[in-house]
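Here is the structure we will look at, set down as C-alpha cells.
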Amino acid sequence: MASPCQIDRRHLAALLALGALLGLLAAAPAAFADILTPEDGGGSPPAERTDVLYEITLWMALPIFLLVEGVLIYSLVKHRFRRGAPEPAQVRGNTRLEIGWTVGAAAILVVLTVITLAFLPGIRDPEAGGAQRAGAVAVAATDQPDVPPGGPSLNVRVVGQQYIWRYDYPGPGRLFAYHRMVVPTDTTITLDITSQDVQHSFWIPELFGKADAVPGHINDMWFKVTEEGVYRGNCAELCGENHAQMIGEVEAMSPDRYRAWADRQRSDIRTAARALADQRRRMQAQQGAGEGSLLRQ
Amino acid sequence: MAVVTQSADALTDRAPTGLESLDVRKLGMWAFLGSECVFFGSLISMYFVNRPLMFSPALEAAHLTPKTILNIPFTGVLAFILLCSSLTMVLALNAMQQSRRRAGSFWLLATAFLGMLFLGGQAIEFIEIAHEGITLQNSVFGQSFLLLTGFHGTHVFVGIIWLLSCIPRALRGGFHAGNYIGPEICGLYWHFVDVVWVVIFTIIYLI
Amino acid sequence: MAPGGNMAQRDTHSNPGVGGPLGGHGDNVEHASHPTARFYVLIFFILLAVTIAEVFVAQEPFLGIFEGIGVPIAVPLLILAAVKFLMIAAFYMHLKQDSRAFSAFLIAGLILAMGMLFTFGGLFTAHSREPFDQIAWREQLAQNAGTTGTSATTGGGGH
Amino acid sequence: MSTAEYRAQEGTIDPGRIAERARPQIVERGLRARPGGWLGWITSTDHKKIGVMYLIATFMFFVVGGVEALMMRLQLGAAQNTIMDGQTYNALVSLHGTTMVFLFVVPVLAGFGNYLVPLMIGARDMAFPRLNALSLWLFVFGGIVFYTSLFFTPPEAGWTSYAPLSDDAFLPTGGIDAWIFLVHLTGLSSLIGAINFVATIHNMRPKGMGFGRMPLFVWTILIYAYLLILALPAIAAAVTMLLTDRHFGTGFFDPTAGGDPLLWQHLFWFFGHPEVYILILPAMGIVSEVLPVFSRKPIFGYSFIAYSGVAIGFLSFTVWAHHMFATGLGDFANGAFATGSFLIGVPTGVKIFNWIGTMWGGSLRFKTAMLFAVGFIAMFIIGGISGVSLASPPVDFQQTDTYYVVAHIHYVLFGGAIMGMFAGMYYWWPKMFGRFLDEGLGKVHFWLTMVGFNLAFFPMHWLGTEGMPRRIYTYFPDMGWNFWNMMSSVGAYILGISVMVLVGNMIYAYRRPREEMPDNPWDAATLEWATTSPPPAHNFDAVPVVYSRYPLWEDRHPVEGGQPAVIAAAAPHTSIDERSHPADTQVAVGEGESNAHLATVEADHGEHEAGHAFHLPAPTIFPMILAFGLLLIAFALLFSPPILKVTFLITGVIYFVVAIYGWVKQISE
C-alpha cells in the first residue's frame, strides 16, 4: 500500500483529470448540435424556433453546469483529507442558504418554463396560411379559387406503415407518393399524421420535430421550406424488425416544378390504375369469379 | 457558512414511536388497499375513456348502449346484497371483539353467503348480456365492462375464500376480545371490495 | 407523506403486533371505543337509503328534473356515491378512530385514482381520435367468426 | 488491506471509535435449529440472507444485461454492420432494457433495503419475513420466466412494449407474453416488498427514532416503497389488458377494435415515470449515507434532503405525459406536463447542492465508496441538465426517441443509480461479508467506470442531436454518425472491463483469508455499524434506543437542546458523557461497558423478550413453493402445446394451493 502522501498527490491528479474531462464535456454540446442548429434546414420555422429555444436552454444550463461541477471539484480538492488536520466543524445546515438555493433553482426553472410556454404555440401550431387547415386548398390545385389569407398552404396526410411512409395529397384526382414527399417551397405544409398498423414517428430533423403516427389518431405537424433541397429523416419509434430502414424524405421544389411533378405523378397513378384494372378483368375472365375474389380489395 | 443552525431541521427529533404503535398487519393491509385504489382507478379510467364509443348514434339506434343493456334494478339488488354483507362483516367483528364466538362465526358465514349470492347474481348478469350479444370479444362495452366487473368479481371470490378460511378458527374460539386481528383485516378487504362496487355501480350503471 | 408522530396517541386499537398478539389485553380504553352493533345497523340503514335514492335519481322523473335545471345527472350521483364511500370507510373500516396513517394510504390511492380518471378524461378528449363504427365492426367480427372462426384482434385494417 | 493497515492509514481518527464497539453477549435463547447449507438459504426468512440473495441474483442479471448491451454496441460500432439483423437487435434492446429496469435496478435496491433497513432502524427483521421471502422468489422466478423466452423468441418491442406493436397481430410470438409475466411476477414481488418496507419503517423503528432521526437511506426506501405501491397497479392493469388483447380477443389497444394505443402509453408511463424515481431515490439515499461518513461531517440540511425526496415522490405522479409530447397531446397538456417536469428539477437540484454542502468544509477521504458517491453527483448533474432540456416540449420533439434520450437515461440510471449502488457496495461490503473489497482494485474499477461510461454515453448526446434515432440496428455511413458510434462502443467495452475488475475484486475478497472485521470500520454513524460484521441472525441483542440522527457519533454530536427527553425516560442514570468513549481507549471495550443504553433497554423490554426469546420467524419453504406455482401457471399460459399447458397449469395450481395451505397452517401453529 502506498504511503498517504503519494495517495494525496494521486488524488489531486485524478481530480484535475476529472475536472478537465468535465470541462470538455460541457463545451461540447454547443459545437455538436447539428440538428438543433439547422444551418441547412431551409429555414423551416418549427426547426428554427426549436433551435433558438434549445440555445436559450443551453446557455442557461451551461453556466449552472460549470458552476456546480466547478464547486464540486473545488471542494473535493480543497477539503480533501489532510494528515493531522482537526476534525471538521460539524455543520448541520444553513437554513438561509438552503432556502436561497431552493428559491434560486425554482426561479431559473420558472423563467425557463415561461420561455418554453411562450415558444410552444409558435412551434406546434401552423402559421397563418395553415390556420384553416380543414378547408386548406392545395396550391397545386390551381383550378381552386380561394387561396386562404396569409399565404399558400398545402395539407398532406402522412400514413405510416411497416416500413414505409405514404403521403396523400388533397385535390381532384388521386395524388399520393411513397417514401419521398414532394412539397413546394414558401408554402405552409400542414401534416395530418397517422398510421395504419403500429406506431411510427414522422420526423425530418432539419424541418420539424417528431410527430408520432399513432393508429386510430391523427397527429399534426407543420413546416415551411424556403430553399429547394432534399431532407431526410428516420422513423423514430420502434416499429418492428426493419425500423432502421424506415426512412422518409421531403423534397422541396419551386411551386412551378412542384405543379409539374404533381401532374406527372397523377397521370402515372391513373395509368397504373388502368393497367391494374385491365389485368384484373383479364384474370377474372380466365379464372372465374370464385378465385377472382382473391383480388377483391 | 459556519453558522450552525438547527432550526433548519424542521423534522424535529420526535418522541419515540416505540415498537407497538400500530399493528403491522393492519398497516400492510391498508398499504395494499391504497395500491388497489390505483388498480381499480386504472380500470375505471379505461372504462371512462372508452365510454364515448359506447354511445354512438348507430348503437343508440340498435339499442346496444350500456343504458339499454344493463338491468339497473337487478344490479341495485346486487348492491344491496353487498351492502348487507358489509353490515354482517362488521357485526362479525363486533361479536368477536366481545368474545361472542357463535355470533361471530354466524355473521362470518352470513357474509360469505351474501358474497356468494352476489357472485351468483353477477354470473346471471354476464349470461344475460351474453344473450344480448355482448361478449369480451365483440364490443368496446363488452370488453371494458367485463374486465372491470370481472376483476371486481375476482376480488369478491378471494374475499369469500378468505372468510371461509376464518370460520374454522372462529368456531374454535380462536378470535376473541384479545385477538381479532384476522377477521379485522379480512373485514378491511371485504369493505374495500364493497366500496369499489359503490363506485362501479355509480359510474358504470347509473351515470 | 409521513403522517407524523402522533399516530401512537391516535391509535386506540392497540393490537401490539410485534411482541405477540396478546400484548394489549386488559386495556379498558380500547373496549370503550368500539362502536356498538346498534350503531352499525344504523349506518347500514343510512347506506341503504342512499342506495335507494341513487337508483331512483338515475330513473326517469328525477333524471328529467336534474337535466331541466341544467345539472348533469352525474353530479348528484357522484355526491351520493361519495357519501356511501366515506361512510363505509369511516365507520365500517374504522378509519374514524384508527390511525391517520391508515387514512393516508386510502386518501393517497384515491387522489391518484381520481387524478388519473380526470386527467385521462381530459387528455382523451383532446386527442383527435378517428371515428370508429362499432356496428360495422361487430358485423365484420360475426362474419369472420362464421367463415374462419378466428379471434377478433387481427389488426392492421387501414381505410 | 488488513484492519491494522486500515487503522494506521486513518491515523487521525479517534482510535476509541475504531475499536470494536461495545456489544453485549450474543445469546440465542429458545431458537429452533435452523437448516444449514443451501437449504438454509432457500428456506431463509432472515432479511440479511434474503438481501444477499437479492444482491447475488440482481448482479447476475446485471452482468447478463451488460453482455446484451455489449452485443448491441458491437453491432453499432460501425455503419451498416452485419453482425446481426433487426430482429435480433430488437430482441437485445428489449432484453437489455427490461433486464436493467425490472431485474436489476429495482430489485438491487430492494436487496440493499432488505439487508440494511432493519439494521439501520435497529429491528430484528422485516415486518413480514415470510412475505419477504415470497417477494424474493417472485422476483427470481419472474426473471426466469422472462429469460425462458430466449429458447423460443425473445420480446422485440422494447422495454416499453408499446401497443399495438406488442399486440398478437404484429408479434404473435411468446416473447411479449414472457415480458407480461415478468411484469406481473416482479410487480407482485415489488408490491409485497414495498408493503413490507412501509410496515417495517413505519412501525419497527426503535424508541427515539422519530421520522427526523431516520437515516436518509431509510427515508428514500420509504419513498421508494410508497411510489411502488401507488404506481405498480397502473402497469399491472395495463399488462393484464395486453394479455387479454393477445389471448382472449379483446381489443383495448387495438384501434381496429375501438381500442386506443395511447391508453397503453398513458397507463405505462403513469407507472413508468414514478418508476424512474423508484430507481434513483434509494441510490440518492446511499449517497446521502456515504458522503457524511467520508467527509467526517453530518449531512448538510437533513430535512431539505428528506423533504426534497418526498417532493420528488409527489411530483413524479404529475409528469408522466412528458414521455408522450410527440403523440400530440395539444398545447395545454404539453404546457402543463412541461411545467411539472421543470418543477421536479427544483428538489433534485436542492439535493445536489446539499451534497456539495456536506462535502464543503469536510475532511474528505477518497475511499472507493466515496469516489463512487462523488461520481454519482458529477454524473447525475449531467443527467439532470439534459433532463431539463427534455422537459421542454419543442426541444423534446427533436430529442425524444434519439440517442440524446439514451444518453440521458444512462446518465441518470448508470451515472446515477448504478454508481450509487457501487458506492453502497464498497461501503457495506465489510458489514455484509466481514471482508473489505480491495481498495486498489476498487479505484481501478472506479476510474475505468468513469472513463468508459463517459466515453460510451457522452457522445450519444451528439449523436442524438445529429439525428440518430434510438433502437435502430443499422445506419448509413453518410450520416456523420460513424466516429462517435465507434467511440461509444469502445467506451462500452471499457465499461465491460470495469465490471470484470469488480467481479475480480469480489472473488479476491472472497478468497482472501478471513480476518476479524471491526464492527465499524469506516467510523460511520448509523445503527447498522453498531452490531458485528457480519451481523448475527437477530441483528441486535437489545433494541437500541436512539438519541440523535447519528447514534454512533454522539460523542462528536452532542444531542441538540441538551438532555433529550428519551434519555430521562428510558435511561435515567446515563448521560451523554457516560455513553461516549473516553478518547484514549484503544482496545476493545468489554462486555461490562456494554454501551449503557443497550443494557438499559434490555431491562426495559425485559418482559417482552423473556417469553419468546428473539421471536425470529421459523425458516419456511412455502414462499418459494408459492412463487414456483405462479411460475408454472405462467408457463402454462406461455407454452402452446395443450399437453404442456394442462400439465403446467394443474401442477402450478397444486403447488400454489399447497403452499398457501402450508403457509397458513405454519402461521397458525
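We use all heavy atoms of the structure for the numbers below, so side chains are in, but hydrogens, waters and symmetry mates are not. The chains referred to below are lettered A, B, ... by the order of the sequence lines, with proteins before strands, and numbering in each begins at 1.
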- Query: For A157(D), is it the side chain, the backbone, both or neither that has a heavy atom under 4.5 Å from a heavy atom of chain A?
  - Reply: backbone

- Message: I need the minimum non-hydrogen distance between L238(A) and E156(D), along with the two atoms involved.
- Response: CD2-O, 3.8 Å

- Message: Minimum heavy-atom separation for V374(D) and L76(A), please, with both atom names.
- Response: CG1-CD1, 3.3 Å

- Query: Measuring heavy-atom distances to chain D, does Y74(A) have an atom under 4.5 Å in its side chain, in its backbone, in both, or in neither?
  - Reply: side chain

- chain A heavy atoms under 4.5 Å from S166(D): which part of the residue, side chain, backbone, both or neither? neither

- Item | Where A326(D) and N219(A) come nearest, the two heavy atoms and their spacing | O-ND2, 2.9 Å

- Query: At what distance, to the nearest 0.5 angstrom, does CZ of R82(A) lie from CG of L364(D)?
  - Reply: 9.5 Å

- Which of T402(D), I352(D), T160(D), L165(D) touches chain A most, by non-hydrogen pairs under 4.5 Å: L165(D)

- Message: Measuring only between side-chain heavy atoms, which start at C-beta, is D478(D) closer than 4.5 Å to R232(A)?
- Response: yes

- Can you see which heavy atom on R365(D) is nearest to which on F81(A), and at what distance? NH2-CE1, 3.2 Å

- Task: Check each atom of F476(D) against the heavy atoms of chain A and say whether the ones under 4.5 Å are side chain, backbone, both or neither.
- Result: side chain

- Query: Which bit of M479(D) is near chain A, if near means a heavy-atom gap under 4.5 Å: side chain, backbone, both or neither?
  - Reply: side chain

- Region of L463(D) in contact with chain A, defined by heavy-atom distances below 4.5 Å: neither

- Going by the angle between their ring planes, with limits at 30° and 60°, are F353(D) and W101(A) parallel, tilted or perpendicular? tilted

- Which one, I123(A), I193(A), N242(A), leads in non-hydrogen pairs under 4.5 Å with chain D? I123(A)

- Task: Would you mind checking which part of N354(D) comes under 4.5 Å of any heavy atom in chain A, side chain (CB onward), backbone (N, CA, C, O), both or neither?
- Result: both

- Any side-chain heavy-atom pair of F397(D) and T50(A) under 4.5 Å: no

- Under a 4.5 Å heavy-atom cut-off, does chain A meet the side chain of D331(D), its backbone, both or neither? both

- Message: Rounded at 0.5 Å granularity, tell me how far CZ in R471(D) sits from CD in E237(A).
- Response: 6.5 Å

- Which atom pair, heavy atoms only, marks the closest approach of L53(A) to S392(D)? CD2-OG, 3.4 Å

- Message: When you measure from the side chain of E69(A) to the backbone of M379(D), do you find a donor-acceptor pair of N or O atoms at a distance under 3.5 Å?
- Response: no

- CZ on F65(A) to CD1 on I382(D), rounded to 0.5 Å: 4.5 Å

- Task: Without swapping roles, check the side chain of Q398(D) against the backbone of P205(A) for a donor-acceptor pair under 3.5 Å.
- Result: yes

- Message: If I measure from the heavy atoms of chain D, does A106(A) come under 4.5 Å with its side chain, its backbone, both, or neither?
- Response: both

- Query: Does D260(D) use its side chain to pair, donor to acceptor, with the backbone of G216(A) at less than 3.5 Å?
  - Reply: no

- Message: Are the side chains of P261(D) and P215(A) in contact, using a 4.5 Å heavy-atom criterion?
- Response: yes

- Task: Side-chain contact test, heavy atoms from C-beta onward, threshold under 4.5 Å: evaluate it for L343(D) versus T113(A) and give yes or no.
- Result: no

- Output the distance between atom CG (D212(A)) and atom CG (L329(D)), rounded to the nearest 0.5 Å. 9.5 Å

- Note on the structure: One option among I108(A), T57(A), V214(A), I218(A) has the most heavy-atom pairs under 4.5 Å with chain D, and it is V214(A)

- Note on the structure: Rounded to the nearest 0.5 angstrom, the NE2-CG distance for H217(A) and L262(D) is 4.0 Å

- Checking R124(A) against F325(D): charged group under 6.0 Å from the ring centre and within 45 degrees of the axis? no

- Query: Is there side-chain contact between K297(D) and V91(A), with heavy atoms separated by less than 4.5 Å?
  - Reply: yes

- Task: Would you give the length of the straight line joining atom CE of M60(A) to atom OG of S389(D), rounded to the nearest 0.5 angstrom?
- Result: 13.0 Å

- With sequence neighbours left out, the residues meeting ring-ring contact (aromatic ring centres under 6.0 Å, His included) with F380(D) are F376(D)

- Task: Work out which heavy atom in P394(D) is nearest to a heavy atom in T116(A); give both atom names and the distance.
- Result: CD-CG2, 4.0 Å

- Options A391(D), G86(D), S363(D), ranked by heavy-atom pairs under 4.5 Å with chain A, top entry: S363(D)

- Query: side chain to side chain contact (heavy atoms under 4.5 Å, CB included) with A61(A): which residues, sequence neighbours excluded?
  - Reply: I385(D)

- Note on the structure: Comparing K78(A), Q245(A), R49(A), M246(A) against chain D, the one with the most heavy-atom pairs below 4.5 Å turns out to be Q245(A)

- Query: Short question: side chain of H79(A), backbone of G361(D) - any donor-acceptor pair under 3.5 Å?
  - Reply: yes

- Message: For D401(D), is there any backbone N or O sitting under 3.5 Å from a side-chain donor or acceptor partner on K210(A)?
- Response: no

- Out of T474(D), T400(D), V93(D), V388(D), which one racks up the most heavy-atom pairs below 4.5 Å with chain A? T400(D)

- Query: Which answer fits F342(D), side chain, backbone, both or neither, if we ask what part of it has an atom under 4.5 Å from a heavy atom of chain A?
  - Reply: both

